[in-house]
Novice: 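Following this message is one structure expressed as structure tokens.
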Number of protein chains: 2
Amino acid sequence: MDFQQIKTILQNNNFKITKQREYILDVLINNQHTLLSAETLLTIVKEKFPTINLTTVYRNLDQLSVLSLLAVFPSDDGITRYKLTCADHHHHHIICQRCGKVEMINYCPLDTLTSLALDKGFHLTKHKIELYGICEACYTE
Amino acid sequence: MDFQQIKTILQNNNFKITKQREYILDVLINNQHTLLSAETLLTIVKEKFPTINLTTVYRNLDQLSVLSLLAVFPSDDGITRYKLTCADHHHHHIICQRCGKVEMINYCPLDTLTSLALDKGFHLTKHKIELYGICEACYTE
DNA sequence: GTCAATGCAAATCCTTTGCAACTAA
DNA sequence: TTAGTTGCAAAGGATTTGCATTGAC
């Protein structure tokens, strides 16, 4: 996902491209390999746009999420983290528990999951496969 | 997991068996097939023990979680839900998005996940496979 | 008797809302 | 011009903490 693609989608949905939104997208685009909390995102955006407000960040995250442009990761620690969704194929993630780095995992036994669900009488609507670990850099630290 | 097993673990860890704790465990044991929020758990316990406090519920959930007796499910809606862990073998869950019913899924390609992680340079520490769907009862409603 | 557990109130933390001022298109 | 957007302050809602009291063992 690059800025042009996202910009187009936003405009097609009656969203305006403000300076704040541009900076927020910029940070998200440059951190597609990391989960960011609203607070962290704010801190980074503030480097370039010091007057931006946390509320604005939350509102933008919310809109991106509604447009399915954002992957949302609620966590045990009570902090929700975000990253842009990848436009390409269906996939899952592995997340470093120390630094938050995220990599794509091209693996999903969807047929198996669907049939497992059906075995229990469930109609599958959604599934989550998340791997957590320690990345090479953190491991050798 | 029945009451005796949990009681033993608690006592081995210097926890006391209070009336409140008994009722909380009772509700958790009788709802092993459902995810409960702290608030919902409180409501149910209150039927039998009207003076119990939300704080007590949270503190008990916390302790159970520390002892790995509790599975914790943070969710997009900001509410964390809980259920007792099953003592038996490793497994995952399918959760009804309408009623919260939970069933066990005896499926986990752990070797595959471990090697996928390793391919990315990650040392796997934890993984999550959660299926979401609509259960039979909700579907035919 | 001792130490953990409880209840209550207040505090905390993340997130959302109301509203007036602003700005992209 | 006119929606959508922002910033600020205040509110909300889930969870946690402080502290005096109670209760299990």
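In what follows, chains are A, B, ... by sequence order, proteins preceding strands, each numbered from 1.
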Novice: Is the gap between the ring centers of A/H127 and B/H92 under 6.0 Å?
Specialist: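 A/H127 vs B/H92: aromatic centres not under 6.0 Å.
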
Novice: Please give, in whole Å, the distance from C/dA5 P to B/L10 CG?
Specialist: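 Interatomic distance, CG of B/L10 to P of C/dA5: 9 Å.
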
Novice: Base, sugar-phosphate or nothing for A/T18? Non-hydrogen atoms, less than 4.0 Å.
Specialist: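 It contacts sugar-phosphate atoms only.
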
Novice: Just wondering, do A/I94 and B/L113 contact through their side chains at under 4.5 Å, heavy atoms?
Specialist: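 B/L113 vs A/I94: side chains apart.
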
Novice: Between atom CZ in B/R59 and atom P in C/dA4, what is the gap in whole Å?
Specialist: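 From B/R59 CZ to C/dA4 P: 14 Å.
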
Novice: If you check the B/K16 side chain, which of C/dT15, C/dA4, C/dG7 turns out closest?
Specialist: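 The answer is C/dA4, which lies nearest to the side chain.
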
Novice: Check every strand shown and say whether B/E22 touches a base, only sugar-phosphate, or nothing at a heavy-atom separation below 4.0 Å.
Specialist: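 No contact.
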
Novice: Could you check how far CG of A/D77 sits from P of D/dA14, rounded to whole Å?
Specialist: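 That distance rounds to 18 Å.
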
Novice: Taking the six-membered ring of B/Y132 (Phe, Tyr or Trp), confirm whether the NZ or CZ of A/K126 is under 6.0 Å from its centre and within 45° of its axis.
Specialist: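 Here A/K126 passes the 6.0 Å and 45° test against B/Y132.
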
Novice: Round to the nearest Å and state the distance from B/E39 atom CD to D/dG12 atom P.
Specialist: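 In whole Å, D/dG12 P and B/E39 CD are 16 Å from each other.
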
Novice: Atom CG of B/N53 and atom C1' of D/dT17: how far apart are they, to the nearest Å?
Specialist: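 Rounded to whole Å, this separation is 13 Å.
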
Novice: Which part of the nucleic acid does A/I52 contact within heavy-atom distance under 4.0 Å: base, sugar-phosphate only, or nothing?
Specialist: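 It contacts sugar-phosphate atoms only.
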
Novice: Just checking A/D62: base, sugar-phosphate only, or nothing, at a heavy-atom cut-off of under 4.0 Å?
Specialist: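 No contact.
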
Novice: Name the closest nucleotide to the B/T56 side chain, picking from C/dG7, D/dT5, D/dT15.
Specialist: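 The nucleotide sitting nearest to the side chain is C/dG7.
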
Novice: Specify the residue among B/T80 and B/Q11 whose closest nucleotide of DNA chain D lies further upstream toward the 5′ end.
Specialist: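 The 5'-side residue here is B/T80.
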
Novice: Pick base, sugar-phosphate or nothing for A/L54, based on heavy-atom distances below 4.0 Å to the nucleic acid.
Specialist: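 The residue A/L54 makes base contact.
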
Novice: Look at all strands and tell whether A/S37 reaches a base, only sugar-phosphate, or nothing, counting heavy atoms closer than 4.0 Å.
Specialist: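 The answer is nothing, as A/S37 stays clear of every strand by at least 4.0 Å.
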
Novice: For A/H93 together with A/F73, are the ring centres under 6.0 Å from each other?
Specialist: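 Between A/H93 and A/F73, which both carry aromatic rings, the centre distance is below 6.0 Å.
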
Novice: Distance only, no hydrogens: is a donor on one side chain within 3.5 Å (strictly under) of an acceptor on the other, for A/Q20 and A/T56?
Specialist: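 Distance-only check fails for A/Q20 and A/T56.
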
Novice: Could you check how far CG of B/N14 sits from C1' of C/dA5, rounded to whole Å?
Specialist: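 Rounding to the nearest Å, CG of B/N14 and C1' of C/dA5 are 13 Å apart.
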
Novice: Between C/dA5 and B/Q20, is there an OP1 or OP2 to side-chain N/O distance shorter than 4.0 Å?
Specialist: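 For B/Q20, the contact criterion (side-chain N or O under 4.0 Å from OP1 or OP2 of C/dA5) is not met.
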
Novice: Could you work out which one of D/dT15, D/dG7, D/dT5 sits closest to the side chain of A/Q63?
Specialist: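 From the listed options, D/dT5 comes nearest.
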
Novice: Quick one: label A/R21 by what it contacts on the DNA or RNA (base, sugar-phosphate, nothing), any heavy atom closer than 4.0 Å.
Specialist: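 A/R21: backbone/sugar contact only, no base atoms under 4.0 Å.
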
Novice: Ignoring hydrogens and geometry, is there a side-chain-to-backbone donor-acceptor pair from B/S75 to B/G78 under 3.5 Å?
Specialist: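 Side chain of B/S75 to backbone of B/G78, a donor-acceptor pair under 3.5 Å: no, none is there.
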
Novice: How many Å lie between CD1 on B/I24 and C1' on C/dG7, as a whole number?
Specialist: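 About 13 Å, once rounded to whole Å.
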
Novice: Check whether any side-chain nitrogen or oxygen of B/N13 sits under 4.0 Å from OP1 or OP2 of C/dA4, and answer yes or no.
Specialist: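 Answer is no, no contact under 4.0 Å.
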
Novice: Figure out the OH/C1' separation between B/Y58 and C/dA10, and round it to whole Å.
Specialist: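 In whole Å, C/dA10 C1' and B/Y58 OH are 16 Å from each other.
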
Novice: Identify, between B/K19 and A/R81, the residue whose nearest nucleotide on DNA chain C lies closer to the 5' end.
Specialist: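 Per heavy-atom nearest nucleotide, the more 5' residue is B/K19.
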
